[in-house]
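See structure below.
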Amino acid sequence: MSNVTRIDDVRMSDIQPTKFGIELLADTIAESIKDGHTEPIAVAVKMTALEQLAKEVRERIKEDVQSELSKHPKSKAEILGASVSQMDTIRYDYSHIAEWAELDAKIKELTERKKSIEDEEKKWRRGELPIISATSTFKITLAK
């Protein structure tokens with residue numbers, strides 16, 4: 001094998017934290033698969049593991065990142081060319097407004113009725129129903 005980059009050889013320091021850097025690395029990995037140098041299913045499993053790893057790490061360091069951001073002006077920092085800023089989400093409770101509560105109840109009831117009709121139709125008339133779209137993909141379940 002020549003100087004082909006394998007997924008097993010990629011380190012965090014190899015990943016440029018830019019959209020272009022990520023696209024370049026993704027192209028390199030996809031090319032390696034298309035050229036037969038890398039097993040596509042193994043890469044899909046490893047990518048799923050990386051997605052879950054990223055999600056876990058992000059959740060575990062959230063407080064540390066927020067603490068560090070609080071030290072920066074306007075809770076915004078420029079790191080490795082990326083902009084990182086504090087983001088606040090506020091949700092309001094409208095349930096005390098009679099009209100809103102009435103509409104919300106109707107929406108829930110109608111949604112349940114709609115789902116019931118869909119389930120019955122799929123159960124008894126699946127082959128007769130018009131198809132809007134159909135896609136095929138794959139599912140990966142990692143070992144515990």
Side-chain angles (χ1 to χ4, degrees), residues 1-123 126 129-144:
M1 210 183 295
S2 58
N3 59 354
V4 174
T5 301
R6 295 178 331 130
I7 187 70
D8 292 336
D9 298 333
V10 176
R11 293 176 299 281
M12 285 301 294
S13 59
D14 295 335
I15 300 170
Q16 296 301 315
T18 62
K19 291 178 181 181
F20 177 75
I22 291 168
E23 285 180 18
L24 190 62
L25 185 55
D27 286 344
T28 301
I29 293 168
E31 206 171 290
S32 179
I33 290 169
K34 289 190 184 345
D35 292 344
H37 299 294
T38 308
E39 216 297 297
I41 296 175
V43 170
V45 169
K46 290 176 182 184
M47 291 297 104
T48 298
L50 281 174
E51 289 169 352
Q52 289 187 17
L53 172 64
K55 188 176 178 181
E56 286 289 325
V57 170
R58 189 178 173 103
E59 185 59 35
R60 292 176 189 192
I61 67 170
K62 186 166 92 175
E63 289 179 17
D64 298 303
V65 171
Q66 289 173 320
S67 174
E68 191 64 29
L69 275 175
S70 71
K71 299 173 187 174
H72 292 263
K74 298 183 181 179
S75 293
K76 185 174 183 178
E78 298 287 329
I79 306 291
L80 302 172
S83 176
V84 184
S85 57
Q86 180 73 37
M87 191 173 86
D88 298 318
T89 302
I90 300 171
R91 296 180 65 201
Y92 296 98
D93 179 11
Y94 301 99
S95 63
H96 64 283
I97 301 170
E99 184 181 8
W100 186 94
E102 184 181 319
L103 288 171
D104 189 53
K106 285 180 183 177
I107 290 169
K108 286 178 182 171
E109 178 188 338
L110 291 171
T111 300
E112 287 174 18
R113 282 180 37 203
K114 182 179 169 187
K115 178 81 171 110
S116 175
I117 290 169
E118 291 170 355
D119 289 346
E120 279 298 306
E121 289 295 308
K122 280 191 284 188
K123 188 176 179 181
R126 182 182 300 267
L129 294 172
I131 296 173
I132 294 175
S133 69
T135 58
S136 182
T137 187
F138 56 88
K139 176 183 172 184
I140 297 173
T141 306
L142 299 176
K144 294 197 181 220

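This one's a predicted model, so the numbers in the text were calculated from it and none came from an experiment.
- With sequence neighbours left out, Glu120 forms a side-chain contact (heavy atoms from CB on, under 4.5 Å) with Lys123, Trp124.
- A donor-acceptor distance shorter than 3.5 angstrom exists from the side chain of Thr111 to the backbone of Ile107, with no hydrogens or angles considered.
- With sequence neighbours left out, Glu39 forms a side-chain contact (heavy atoms from CB on, under 4.5 Å) with Ile41, Ala42.
- Closest non-hydrogen pair, Ser95 versus Ala101, comes out as O-CB, 3.7 Å.
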For residues 17-25, dump all side-chain donor-acceptor pairs below 3.5 Å to protein atoms at least two apart in sequence or in another chain.
residue: Thr18; atom: OG1; partner: Gly21; partner atom: N; Å: 2.8

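- Residue pairs that meet the salt bridge (charged side-chain N to carboxylate O under 4.0 Å, His left out) test with at least one member in residues 92-111, sequence neighbours left out, are Glu102-Lys106, Asp104-Lys108, Glu109-Arg113.
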Give every donor-acceptor pair under 3.5 Å between a side-chain atom in residues 67-77 and any protein atom, sequence neighbours left out.
residue: Glu68; atom: OE1; partner: Lys71; partner atom: NZ; Å: 3.3
residue: Ser70; atom: OG; partner: Ser67; partner atom: O; Å: 2.5

Please table the atom pairs, donor to acceptor, closer than 3.5 Å between any side-chain atom in residues 131-144 and protein atoms at least two apart or in another chain.
none

What pairs of donor and acceptor atoms, side-chain ones from residues 48-64 against any protein atom, are under 3.5 angstrom apart with sequence neighbours left out?
residue: Thr48; atom: OG1; partner: Ala44; partner atom: O; Å: 3.0
residue: Glu56; atom: OE1; partner: Arg60; partner atom: NE; Å: 3.4
residue: Glu56; atom: OE1; partner: Arg60; partner atom: NH2; Å: 3.1

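- Here Asp27 pairs with nothing under the salt bridge (Lys or Arg N to Asp or Glu O under 4.0 Å) rule; sequence neighbours left out.
- Considering only residues two or more places apart in sequence or on other chains, Glu121 meets the salt bridge (Lys or Arg N to Asp or Glu O under 4.0 Å) condition with Arg125.
- For Lys34, there are no side-chain contact (heavy atoms from CB on, under 4.5 Å) partners two or more places apart in sequence or in a different chain.
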